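To keep things clear, I will list the structure first and then write my remarks on it.
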Amino acid sequence: QVQLVESGGGLVQAGGSLRLSCAASGSIFSINAMGWYRQAPGKQRELVAAITSGGSTNYADSVKGRFTISRDNAKNTVYLQMNSLKPEDTAVYYCNAFVAVEHHTRLVVTTVEYDYWGQGTQVTVSS
């Protein structure tokens, strides 16, 4: 089993900053892509930012230049630094990771990649 635990959400005024963290733990062989999604009330969940194991990043147009995603592979942790926050950034932010897990049988050991989600952390930006 693998768990993703997020932290760092909260209430901040427009123009402020927050840093989200997401730590993965459990039976991890390796972690491939990691990312942050968000879901505002009445809206679909959307990708905010993603980062590969090699450090390549991808951002939603709405957060480019304001948000920065990074990861510490030794700690199995991904971060989202959010600056110049706007009221429209208000949402529940979810961590996502593609994690390879080893499966041991009597004859062979295989790895299988699973898609894991955190429980979500609320970010509220007041105007």
Side-chain angles (χ1 to χ4, degrees):
Q1 290 291 337
V2 174
Q3 297 81 38
L4 301 182
V5 179
E6 300 134 336
S7 61
L11 173 64
V12 64
Q13 288 189 332
S17 298
L18 284 173
R19 188 190 193 210
L20 304 183
S21 299
C22 172
S25 63
S27 302
I28 298 170
F29 177 76
S30 65
I31 302 179
N32 300 317
M34 303 183 81
W36 290 94
Y37 286 73
R38 67 186 180 187
Q39 187 167 20
K43 294 188 177 181
Q44 289 188 331
R45 189 174 297 190
E46 63 174 356
L47 175 67
V48 176
I51 184 168
T52 67
S53 57
S56 297
T57 58
N58 182 43
Y59 295 93
D61 288 342
S62 59
V63 307
K64 283 181 181 177
R66 300 188 298 121
F67 291 10
T68 302
I69 189 170
S70 61
R71 63 190 283 173
D72 184 332
N73 291 330
K75 296 182 178 180
N76 291 332
T77 300
V78 63
Y79 306 96
L80 185 68
Q81 178 66 43
M82 304 185 293
N83 298 329
S84 302
L85 282 161
K86 304 176 181 179
E88 50 263 44
D89 294 318
T90 295
V92 178
Y93 284 70
Y94 296 91
C95 175
N96 175 247
F98 287 88
V99 181
V101 176
E102 281 189 328
H103 289 277
H104 294 254
T105 68
R106 186 170 58 86
L107 297 177
V108 298
V109 177
T110 60
T111 57
V112 180
E113 187 176 79
Y114 297 93
D115 184 11
Y116 289 98
W117 292 88
Q119 79 284 358
T121 185
Q122 177 70 46
V123 172
T124 303
V125 184
S126 62
S127 56

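Everything numeric here is computed off the predicted structure, so don't read it as measured data. Each residue takes its place number in the sequence, starting with 1.
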(message) Just verifying a value: how many Å separate S127 OG and K86 NZ, rounded to the nearest 0.5 Å?
(response) 14.0 Å
(request) Indicate yes or no: does K64 engage D61 in a salt bridge with an N to O separation below 4.0 Å. (result) yes
(request) Just do the side chain to side chain donor-acceptor pair (under 3.5 Å) check on S17 and N83 with the steps written out, would you? (result) CA-CA 4 Å; S17 298; N83 298 329; 2.9 Å; yes
(message) So, taking the atom named OG in S126 and the one named CD in Q13, what distance separates them when rounded to the nearest 0.5 Å?
(response) 5.0 Å
(message) Quick check: closest heavy atoms across H103 and V112, and the distance to 0.1 Å?
(response) CD2-CG2, 3.6 Å
(request) Check the pair Q39 / Q44 against side-chain contact (heavy atoms from CB on, under 4.5 Å), numbers first and verdict last. (result) CA-CA 6 Å; Q39 187 167 20; Q44 289 188 331; 5.6 Å; no
(message) Test side-chain contact (heavy atoms from CB on, under 4.5 Å) on Y116 and L4; report intermediate values, then the result.
(response) CA-CA 7 Å; Y116 289 98; L4 301 182; 3.9 Å; yes
(request) Please report the shortest heavy-atom distance between V109 and H104, naming the atom on each side. (result) CG2-ND1, 3.4 Å
(request) Could you check if a side-chain atom of Y37 sits within less than 4.5 angstrom of a side-chain atom of L47, using non-hydrogen atoms only? (result) yes
(request) Using the side chain to side chain donor-acceptor pair (under 3.5 Å) rule, take R38 and Y93 through it: C-alpha gap first, then chi angles, then the decisive distance, then the call. (result) CA-CA 4 Å; R38 67 186 180 187; Y93 284 70; 2.9 Å; yes
(message) Between E113 and T111, do the side chains contain a donor N or O and an acceptor N or O under 3.5 Å apart?
(response) no
(message) Please determine whether residues V78 and Y59 belong to a single hydrophobic cluster, defined as Ile, Leu, Val, Met, Phe, Trp and Tyr linked transitively by side-chain heavy-atom distances below 4.5 Å.
(response) yes
(message) Run the side-chain contact (heavy atoms from CB on, under 4.5 Å) test on Q122 and T90 for me, step by step, so that the C-alpha distance in whole Å, both residues' side-chain angles and the decisive distance to 0.1 Å come before the verdict.
(response) CA-CA 8 Å; Q122 177 70 46; T90 295; 4.0 Å; yes
(request) Measure from NZ or CZ of R19 to the centre of the six-membered ring of Y79, then state whether that distance is under 6.0 Å and the direction lies within 45° of the axis. (result) yes
(request) Could you state whether I31 and V2 fall into the same hydrophobic cluster, counting links through intermediate Ile, Leu, Val, Met, Phe, Trp or Tyr residues with side-chain heavy atoms under 4.5 angstrom apart? (result) yes
(message) For the CD atom of E6 and the SG atom of C22, what is their distance to the nearest 0.5 Å?
(response) 5.0 Å
(request) Have a look at V63 and tell me which of T68, L80, V48 forms a side chain to side chain contact (heavy atoms under 4.5 Å, CB included) with it. (result) V48
(message) Would you say I28 ends up clustered with F98 if hydrophobic residues are merged whenever their side chains have heavy atoms under 4.5 Å apart, either directly or through other cluster members?
(response) no
(request) Indicate yes or no: at least one non-hydrogen side-chain atom of D115 is less than 4.5 angstrom from one of N96. (result) yes
(request) Measure the shortest side-chain to side-chain distance between S56 and I51 over non-hydrogen atoms and say whether it is less than 4.5 angstrom. (result) no
(request) Decide whether V92 and W36 are clustered together by the hydrophobic rule: side chain heavy atoms of Ile, Leu, Val, Met, Phe, Trp, Tyr closer than 4.5 Å, transitively. (result) no
(message) I'd like to check E88 versus S62 (side-chain heavy atoms, cut-off strictly below 4.5 Å). Are they in contact?
(response) no
(message) Test side-chain contact (heavy atoms from CB on, under 4.5 Å) on N32 and T52; report intermediate values, then the result.
(response) CA-CA 6 Å; N32 300 317; T52 67; over 6 Å; no
(message) Rounded at 0.5 Å granularity, tell me how far OG in S53 sits from CG in N73.
(response) 7.0 Å
(request) Hey, could you give me the CD/OG distance between Q81 and S21, rounded to the nearest 0.5 Å? (result) 9.5 Å
(request) From the options V123, V125, D89, select the one residue that forms a side chain to side chain contact (heavy atoms under 4.5 Å, CB included) with M82. (result) V123
(request) Over 60° means perpendicular and under 30° means parallel, so classify the ring planes of W117 and Y94, tilted if in between. (result) perpendicular
(message) Test of understanding: clusters of I, L, V, M, F, W, Y form through side-chain heavy atoms closer than 4.5 Å, transitively. Do V12 and F67 belong to the same one?
(response) yes
